[in-house]
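Model, not experiment: these values are computed from the prediction. The figures here come from the full heavy-atom set of this structure, side chains too, leaving out hydrogens, waters and symmetry mates.
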Amino acid sequence: MTTAANIRLEPLNLEQTLGCGQTFRWRQLRDGSWQGPLKDQLVTLRSDGPHLQIVSSPGTPDIGRVVSELLRAEDDIRAIQSSLSRRDHILAKGMKGLSGLRIVKMDEWECLLSFTLATYANIPRIARMIDTLALSYGSRIQGGAYSFPTLTRLRKASVGDLRRCGLGYRAGYVHEIGERLTADELERMKELSYAELRKELIALPGIGEKVADCVSLFGFGRLEAFPIDVWMERALKRLYKVQGTYKRLSAFAHEKFGPYAGYAQEYMYYNERMRARGAACLFSKE
DNA sequence: GCCCAGGAGTGTG
DNA sequence: CACACTCATGGG
(Lines give C-alpha, C1' and ligand atoms only; values in the text may rest on other atoms or scores of the structure.)
Protein backbone atom coordinates (compact mmCIF):
# COMPACT_ATOMS: atom_id res chain seq x y z
CA MET A 1 0.00 0.00 0.00
CA THR A 2 1.33 3.35 -0.94
CA THR A 3 0.38 6.96 -0.59
CA ALA A 4 1.18 9.84 -2.86
CA ALA A 5 1.82 13.45 -2.11
CA ASN A 6 2.57 16.43 -4.27
CA ILE A 7 4.68 19.43 -3.54
CA ARG A 8 5.84 22.34 -5.63
CA LEU A 9 9.58 22.52 -6.06
CA GLU A 10 11.18 24.43 -8.84
CA PRO A 11 13.63 24.50 -10.45
CA LEU A 12 14.49 20.82 -9.96
CA ASN A 13 16.30 18.19 -12.02
CA LEU A 14 16.31 14.89 -10.14
CA GLU A 15 18.95 13.28 -12.33
CA GLN A 16 21.37 16.15 -11.83
CA THR A 17 20.59 16.34 -8.12
CA LEU A 18 20.41 12.69 -7.04
CA GLY A 19 22.63 11.11 -9.66
CA CYS A 20 25.75 13.23 -9.48
CA GLY A 21 27.55 11.81 -6.47
CA GLN A 22 26.32 14.00 -3.64
CA THR A 23 24.34 11.12 -2.26
CA PHE A 24 24.81 7.44 -3.06
CA ARG A 25 21.61 5.53 -2.38
CA TRP A 26 19.19 6.91 -4.95
CA ARG A 27 18.56 4.98 -8.19
CA GLN A 28 16.70 5.85 -11.33
CA LEU A 29 13.97 3.36 -12.17
CA ARG A 30 13.14 2.26 -15.68
CA ASP A 31 10.18 4.63 -15.82
CA GLY A 32 12.51 7.53 -15.09
CA SER A 33 11.48 8.15 -11.48
CA TRP A 34 14.02 8.14 -8.65
CA GLN A 35 13.89 5.82 -5.66
CA GLY A 36 15.81 5.84 -2.41
CA PRO A 37 15.58 5.29 1.35
CA LEU A 38 14.56 8.30 3.38
CA LYS A 39 13.63 8.35 7.09
CA ASP A 40 13.00 4.60 7.24
CA GLN A 41 10.91 4.54 4.09
CA LEU A 42 11.58 3.69 0.49
CA VAL A 43 10.49 6.80 -1.37
CA THR A 44 9.90 7.32 -5.08
CA LEU A 45 10.14 10.77 -6.64
CA ARG A 46 8.93 11.93 -10.01
CA SER A 47 9.45 15.42 -11.29
CA ASP A 48 6.88 17.02 -13.56
CA GLY A 49 7.60 20.65 -14.27
CA PRO A 50 7.14 22.59 -11.05
CA HIS A 51 5.41 19.60 -9.43
CA LEU A 52 7.17 16.85 -7.53
CA GLN A 53 5.22 13.66 -7.00
CA ILE A 54 6.18 11.66 -3.91
CA VAL A 55 5.18 8.01 -3.54
CA SER A 56 5.83 6.28 -0.22
CA SER A 57 4.40 3.84 2.26
CA PRO A 58 2.06 5.38 4.78
CA GLY A 59 3.82 5.95 8.08
CA THR A 60 5.85 9.09 8.01
CA PRO A 61 3.69 12.10 8.69
CA ASP A 62 4.20 14.87 6.19
CA ILE A 63 6.54 13.10 3.79
CA GLY A 64 6.42 16.27 1.72
CA ARG A 65 8.28 18.13 4.44
CA VAL A 66 10.91 15.37 4.64
CA VAL A 67 11.53 15.49 0.90
CA SER A 68 11.58 19.28 0.98
CA GLU A 69 14.38 19.11 3.52
CA LEU A 70 16.36 16.61 1.41
CA LEU A 71 16.12 18.80 -1.65
CA ARG A 72 16.61 22.06 0.27
CA ALA A 73 13.35 23.54 -0.95
CA GLU A 74 14.11 26.71 0.98
CA ASP A 75 17.11 27.51 -1.23
CA ASP A 76 16.34 30.38 -3.57
CA ILE A 77 18.18 29.07 -6.62
CA ARG A 78 17.65 32.21 -8.65
CA ALA A 79 19.06 34.38 -5.87
CA ILE A 80 22.00 32.02 -5.43
CA GLN A 81 22.79 32.00 -9.14
CA SER A 82 22.41 35.75 -9.25
CA SER A 83 24.92 36.09 -6.42
CA LEU A 84 27.38 33.74 -8.13
CA SER A 85 26.94 35.51 -11.48
CA ARG A 86 27.89 38.83 -9.96
CA ARG A 87 31.04 37.26 -8.58
CA ASP A 88 32.24 35.33 -11.61
CA HIS A 89 31.42 35.51 -15.33
CA ILE A 90 32.82 32.05 -16.09
CA LEU A 91 30.40 30.45 -13.67
CA ALA A 92 27.61 32.74 -14.87
CA LYS A 93 27.61 31.00 -18.25
CA GLY A 94 28.28 27.48 -17.07
CA MET A 95 25.54 27.17 -14.51
CA LYS A 96 22.67 28.29 -16.71
CA GLY A 97 21.75 24.79 -17.82
CA LEU A 98 22.15 23.47 -14.30
CA SER A 99 19.56 25.45 -12.36
CA GLY A 100 17.80 22.17 -11.50
CA LEU A 101 20.90 20.85 -9.77
CA ARG A 102 20.26 21.36 -6.08
CA ILE A 103 22.53 20.72 -3.13
CA VAL A 104 21.05 17.91 -1.03
CA LYS A 105 20.68 17.86 2.73
CA MET A 106 21.57 14.37 3.90
CA ASP A 107 21.38 12.93 7.39
CA GLU A 108 24.56 14.03 9.16
CA TRP A 109 25.68 10.57 10.24
CA GLU A 110 24.94 8.95 6.90
CA CYS A 111 26.82 11.70 5.12
CA LEU A 112 29.82 11.54 7.43
CA LEU A 113 30.23 7.80 7.02
CA SER A 114 29.44 7.75 3.30
CA PHE A 115 32.15 10.24 2.45
CA THR A 116 34.61 8.50 4.74
CA LEU A 117 34.05 5.45 2.55
CA ALA A 118 34.38 7.62 -0.55
CA THR A 119 38.12 8.10 -0.21
CA TYR A 120 39.99 6.74 -3.19
CA ALA A 121 37.01 4.90 -4.68
CA ASN A 122 34.76 5.67 -7.64
CA ILE A 123 31.07 6.40 -7.26
CA PRO A 124 29.73 2.96 -8.30
CA ARG A 125 31.98 1.33 -5.76
CA ILE A 126 31.01 3.78 -3.02
CA ALA A 127 27.38 2.95 -3.68
CA ARG A 128 28.17 -0.76 -3.45
CA MET A 129 30.00 -0.41 -0.15
CA ILE A 130 27.10 1.52 1.36
CA ASP A 131 24.52 -0.96 0.05
CA THR A 132 26.46 -3.87 1.52
CA LEU A 133 26.79 -2.05 4.83
CA ALA A 134 23.06 -1.30 4.89
CA LEU A 135 22.18 -4.91 4.04
CA SER A 136 24.46 -6.17 6.83
CA TYR A 137 23.82 -3.64 9.59
CA GLY A 138 20.76 -1.63 8.57
CA SER A 139 17.19 -2.63 9.31
CA ARG A 140 14.51 -3.59 6.83
CA ILE A 141 12.30 -0.62 6.14
CA GLN A 142 8.92 -0.10 4.50
CA GLY A 143 9.24 -0.91 0.84
CA GLY A 144 11.74 -3.73 1.38
CA ALA A 145 14.97 -1.74 1.33
CA TYR A 146 17.46 -1.41 4.16
CA SER A 147 18.07 1.72 6.17
CA PHE A 148 21.49 3.22 6.64
CA PRO A 149 23.11 1.60 9.72
CA THR A 150 22.80 3.65 12.88
CA LEU A 151 25.87 4.66 14.84
CA THR A 152 24.82 2.38 17.70
CA ARG A 153 24.33 -0.62 15.47
CA LEU A 154 27.53 -0.13 13.51
CA ARG A 155 29.53 0.14 16.72
CA LYS A 156 28.96 -3.58 17.25
CA ALA A 157 30.75 -4.51 14.02
CA SER A 158 34.38 -5.59 14.18
CA VAL A 159 37.01 -4.40 11.72
CA GLY A 160 36.98 -7.87 10.15
CA ASP A 161 33.21 -7.74 9.74
CA LEU A 162 33.49 -4.35 8.07
CA ARG A 163 36.29 -5.49 5.82
CA ARG A 164 34.08 -8.32 4.65
CA CYS A 165 31.63 -5.67 3.46
CA GLY A 166 34.24 -4.67 0.91
CA LEU A 167 35.45 -1.55 2.69
CA GLY A 168 39.14 -2.37 2.34
CA TYR A 169 41.44 -0.18 4.41
CA ARG A 170 38.46 2.07 5.21
CA ALA A 171 37.15 -0.58 7.64
CA GLY A 172 39.57 0.61 10.33
CA TYR A 173 38.43 4.21 9.96
CA VAL A 174 34.78 3.28 10.21
CA HIS A 175 35.37 1.16 13.28
CA GLU A 176 37.31 3.89 15.06
CA ILE A 177 34.78 6.56 14.15
CA GLY A 178 32.09 4.34 15.63
CA GLU A 179 34.04 4.07 18.85
CA ARG A 180 34.86 7.73 19.09
CA LEU A 181 31.66 9.45 17.97
CA THR A 182 28.31 9.65 19.76
CA ALA A 183 24.87 10.75 18.62
CA ASP A 184 25.03 13.56 21.17
CA GLU A 185 28.23 14.87 19.66
CA LEU A 186 26.70 14.85 16.19
CA GLU A 187 23.81 16.84 17.59
CA ARG A 188 26.14 19.33 19.22
CA MET A 189 28.16 19.73 16.01
CA LYS A 190 25.07 21.07 14.24
CA GLU A 191 25.44 24.28 16.23
CA LEU A 192 29.10 24.88 15.43
CA SER A 193 30.40 27.42 12.97
CA TYR A 194 31.70 26.06 9.68
CA ALA A 195 35.31 26.59 10.80
CA GLU A 196 34.75 24.78 14.10
CA LEU A 197 32.71 22.00 12.52
CA ARG A 198 35.40 21.44 9.92
CA LYS A 199 38.09 21.26 12.57
CA GLU A 200 36.17 18.68 14.60
CA LEU A 201 35.44 16.56 11.54
CA ILE A 202 39.11 16.55 10.52
CA ALA A 203 40.01 15.38 14.03
CA LEU A 204 38.19 12.11 13.25
CA PRO A 205 40.20 9.26 11.72
CA GLY A 206 39.91 8.92 7.95
CA ILE A 207 38.49 12.41 7.54
CA GLY A 208 40.69 15.04 5.94
CA GLU A 209 39.97 18.43 4.42
CA LYS A 210 38.08 17.17 1.39
CA VAL A 211 35.78 14.78 3.25
CA ALA A 212 35.20 17.37 5.97
CA ASP A 213 34.04 19.82 3.31
CA CYS A 214 31.70 17.25 1.74
CA VAL A 215 30.19 16.45 5.13
CA SER A 216 29.90 20.15 5.99
CA LEU A 217 28.10 20.82 2.71
CA PHE A 218 25.90 17.78 2.10
CA GLY A 219 25.37 16.71 5.73
CA PHE A 220 25.43 19.86 7.84
CA GLY A 221 24.13 22.20 5.16
CA ARG A 222 27.01 24.68 5.20
CA LEU A 223 26.67 26.19 1.74
CA GLU A 224 30.03 27.97 1.95
CA ALA A 225 31.92 24.64 1.96
CA PHE A 226 33.81 23.91 -1.27
CA PRO A 227 35.04 20.30 -1.52
CA ILE A 228 37.99 19.79 -3.87
CA ASP A 229 38.64 16.36 -5.35
CA VAL A 230 40.64 15.38 -8.43
CA TRP A 231 37.82 16.56 -10.73
CA MET A 232 37.69 19.95 -9.06
CA GLU A 233 41.46 20.31 -9.22
CA ARG A 234 41.25 19.82 -12.97
CA ALA A 235 38.36 22.28 -13.31
CA LEU A 236 40.07 24.99 -11.24
CA LYS A 237 43.26 24.64 -13.22
CA ARG A 238 41.53 24.65 -16.58
CA LEU A 239 39.09 27.50 -15.91
CA TYR A 240 40.98 29.74 -13.48
CA LYS A 241 44.62 28.71 -13.96
CA VAL A 242 44.91 28.11 -10.25
CA GLN A 243 46.64 25.12 -8.69
CA GLY A 244 48.48 24.15 -5.55
CA THR A 245 47.63 22.76 -2.15
CA TYR A 246 44.11 22.19 -0.89
CA LYS A 247 44.44 25.17 1.41
CA ARG A 248 45.39 27.45 -1.46
CA LEU A 249 42.62 26.25 -3.79
CA SER A 250 40.13 26.50 -0.94
CA ALA A 251 41.13 30.09 -0.17
CA PHE A 252 40.76 30.98 -3.83
CA ALA A 253 37.28 29.44 -3.99
CA HIS A 254 35.99 31.11 -0.86
CA GLU A 255 37.18 34.52 -1.97
CA LYS A 256 35.88 33.99 -5.49
CA PHE A 257 32.48 32.45 -4.77
CA GLY A 258 31.58 33.56 -1.26
CA PRO A 259 28.72 32.23 0.90
CA TYR A 260 27.32 29.98 -1.86
CA ALA A 261 30.64 28.42 -2.85
CA GLY A 262 29.06 25.00 -2.33
CA TYR A 263 26.67 25.55 -5.22
CA ALA A 264 29.52 26.86 -7.37
CA GLN A 265 31.44 23.71 -6.58
CA GLU A 266 28.58 21.43 -7.51
CA TYR A 267 28.00 23.19 -10.84
CA MET A 268 31.68 22.89 -11.70
CA TYR A 269 31.95 19.32 -10.49
CA TYR A 270 28.94 18.25 -12.54
CA ASN A 271 30.24 19.97 -15.63
CA GLU A 272 33.73 18.55 -15.29
CA ARG A 273 32.42 15.02 -15.08
CA MET A 274 30.08 15.51 -18.03
CA ARG A 275 32.96 16.96 -19.99
CA ALA A 276 35.00 13.84 -19.36
CA ARG A 277 32.18 11.81 -20.86
CA GLY A 278 32.39 13.85 -24.02
CA ALA A 279 29.41 16.08 -23.37
CA ALA A 280 29.41 19.66 -24.54
CA CYS A 281 31.19 21.95 -22.15
CA LEU A 282 28.83 24.41 -20.52
CA PHE A 283 31.69 26.50 -19.20
CA SER A 284 34.08 28.53 -21.25
CA LYS A 285 36.89 30.89 -20.45
CA GLU A 286 35.61 33.48 -22.89
C1' DG B 1 45.94 -6.49 -17.80
C1' DC B 2 45.87 -1.59 -17.07
C1' DC B 3 44.48 2.65 -15.06
C1' DC B 4 41.81 5.21 -12.08
C1' DA B 5 38.90 6.45 -8.21
C1' DG B 6 34.45 12.72 -4.69
C1' DG B 7 41.93 10.80 -0.17
C1' DA B 8 44.05 10.26 4.20
C1' DG B 9 47.94 9.04 7.13
C1' DT B 10 52.62 8.89 7.78
C1' DG B 11 57.28 9.82 7.06
C1' DT B 12 61.01 12.68 4.99
C1' DG B 13 63.58 16.70 3.10
C1' DC C 1 55.67 24.07 4.25
C1' DA C 2 56.02 20.48 0.06
C1' DC C 3 56.46 16.06 -1.70
C1' DA C 4 56.54 10.68 -1.75
C1' DC C 5 54.88 6.64 -0.45
C1' DT C 6 51.39 3.39 1.24
C1' DC C 7 46.84 1.70 1.88
C1' DA C 8 43.11 -2.43 -0.75
C1' DT C 9 40.05 -3.13 -4.31
C1' DG C 10 36.34 -2.78 -7.63
C1' DG C 11 34.91 -0.42 -12.09
C1' DG C 12 35.55 1.14 -16.73
Side-chain angles (χ1 to χ4, degrees), chain A residues 15-27 98 101-106 108 110-133 135-136 158-178 180-181 198-220 222-223 225-238 242-253 261-279:
Chain A
E15 183 164 4
Q16 292 175 352
T17 300
L18 298 175
C20 75
Q22 301 185 70
T23 183
F24 304 102
R25 302 204 66 197
W26 288 82
R27 306 282 187 275
L98 299 177
L101 171 51
R102 309 182 73 97
I103 300 288
V104 298
K105 170 63 179 73
M106 295 173 67
E108 292 82 1
E110 175 175 348
C111 186
L112 189 157
L113 205 73
S114 295
F115 279 96
T116 300
L117 297 178
T119 64
Y120 210 48
N122 56 27
I123 290 176
R125 185 173 177 200
I126 298 162
R128 191 172 304 278
M129 286 190 280
I130 294 171
D131 281 345
T132 307
L133 218 50
L135 188 62
S136 305
S158 71
V159 176
D161 293 336
L162 294 169
R163 195 175 283 271
R164 254 165 261 131
C165 290
L167 305 194
Y169 67 93
R170 306 163 192 82
Y173 295 149
V174 171
H175 182 74
E176 199 171 336
I177 286 174
R180 201 181 295 192
L181 203 58
R198 194 173 188 277
K199 188 184 299 181
E200 292 205 8
L201 288 169
I202 290 174
L204 293 169
I207 299 185
E209 293 184 291
K210 189 268 174 181
V211 171
D213 282 332
C214 285
V215 177
S216 296
L217 179 58
F218 307 128
F220 287 85
R222 310 306 166 93
L223 293 185
F226 190 90
I228 303 164
D229 67 340
V230 292
W231 296 96
M232 287 304 299
E233 279 183 13
R234 288 194 280 262
L236 289 171
K237 180 179 179 182
R238 184 170 56 82
V242 55
Q243 49 188 325
T245 62
Y246 194 101
K247 193 179 299 292
R248 177 189 166 139
L249 296 176
S250 189
F252 170 83
Y263 267 95
Q265 187 274 353
E266 210 51 29
Y267 294 139
M268 291 173 64
Y269 176 75
Y270 187 90
N271 178 260
E272 192 66 19
R273 287 172 56 85
M274 289 304 105
R275 220 177 73 86
R277 296 185 189 180

Whole-angstrom distance between [N] and [M], as gauged at atom [atom1]:
| N | M | atom1 | result |
| --- | --- | --- | --- |
| dC4(B) | dC7(C) | C1' | 15 Å |
| dA5(B) | dT6(C) | C1' | 16 Å |
| dA8(C) | dG11(B) | P | 15 Å |
| dT9(C) | dG1(B) | C1' | 15 Å |

| field | Position toward the 5' end of DNA chain B (nearest nucleotide), Gly206(A) or Lys210(A) | value | Lys210(A)
What is the distance from atom [atom1] of [X] to atom [atom2] of [Y], rounded to the nearest 0.5 Å?
| X | Y | atom1 | atom2 | answer |
| --- | --- | --- | --- | --- |
| Gln265(A) | Asp229(A) | CD | CG | 7.0 Å |
| Ile130(A) | Ile126(A) | CD1 | CD1 | 7.0 Å |
| Ile207(A) | Ile177(A) | CD1 | CD1 | 4.5 Å |

Taking OP1 and OP2 of [N], is either one under 4.0 Å from a side-chain nitrogen or oxygen of [X]?
| X | N | result |
| --- | --- | --- |
| Arg234(A) | dA5(B) | yes |
| Arg170(A) | dC7(C) | no |
| Arg125(A) | dT9(C) | no |

Specify the separation, in whole Å, of atom [atom1] of [X] and atom [atom2] of [N].
| X | N | atom1 | atom2 | value |
| --- | --- | --- | --- | --- |
| Tyr169(A) | dT9(C) | OH | P | 11 Å |
| Leu249(A) | dA2(C) | CG | P | 11 Å |
| Tyr120(A) | dT6(C) | OH | C1' | 10 Å |
| Met232(A) | dG7(B) | CE | P | 13 Å |
| Ile177(A) | dG9(B) | CD1 | C1' | 13 Å |
| Ile123(A) | dG7(B) | CD1 | P | 9 Å |
| Phe115(A) | dA8(B) | CZ | P | 12 Å |
| Lys247(A) | dC1(C) | NZ | P | 7 Å |

| What closest approach, in Å, do Cys20(A) and Tyr269(A) show between heavy atoms, and which atom pair accounts for it? | O-CE2, 3.2 Å
Just call it for [X]: base, sugar-phosphate, or nothing, with non-hydrogen atoms closer than 4.0 Å on any strand.
| X | value |
| --- | --- |
| Ile207(A) | sugar-phosphate |
| Glu266(A) | base |
| Leu217(A) | nothing |
| Tyr270(A) | nothing |

| message | Between the base of dG7(B) and the side chain of Tyr173(A), is there a donor and acceptor pair under 3.5 angstrom? | response | no
| field | Short N-O contact, Glu272(A) and Arg238(A), less than 4.0 angstrom | value | yes
| said: If the threshold is 4.0 Å, N to carboxylate O, is there a salt bridge linking Asp213(A) and Lys210(A)? | reply: no
| request: Measure from the side chain of Gln265(A), starting at C-beta and using heavy atoms only, and say which of dG7(B), dA2(C), dG6(B) lies closest. | output: dG6(B)
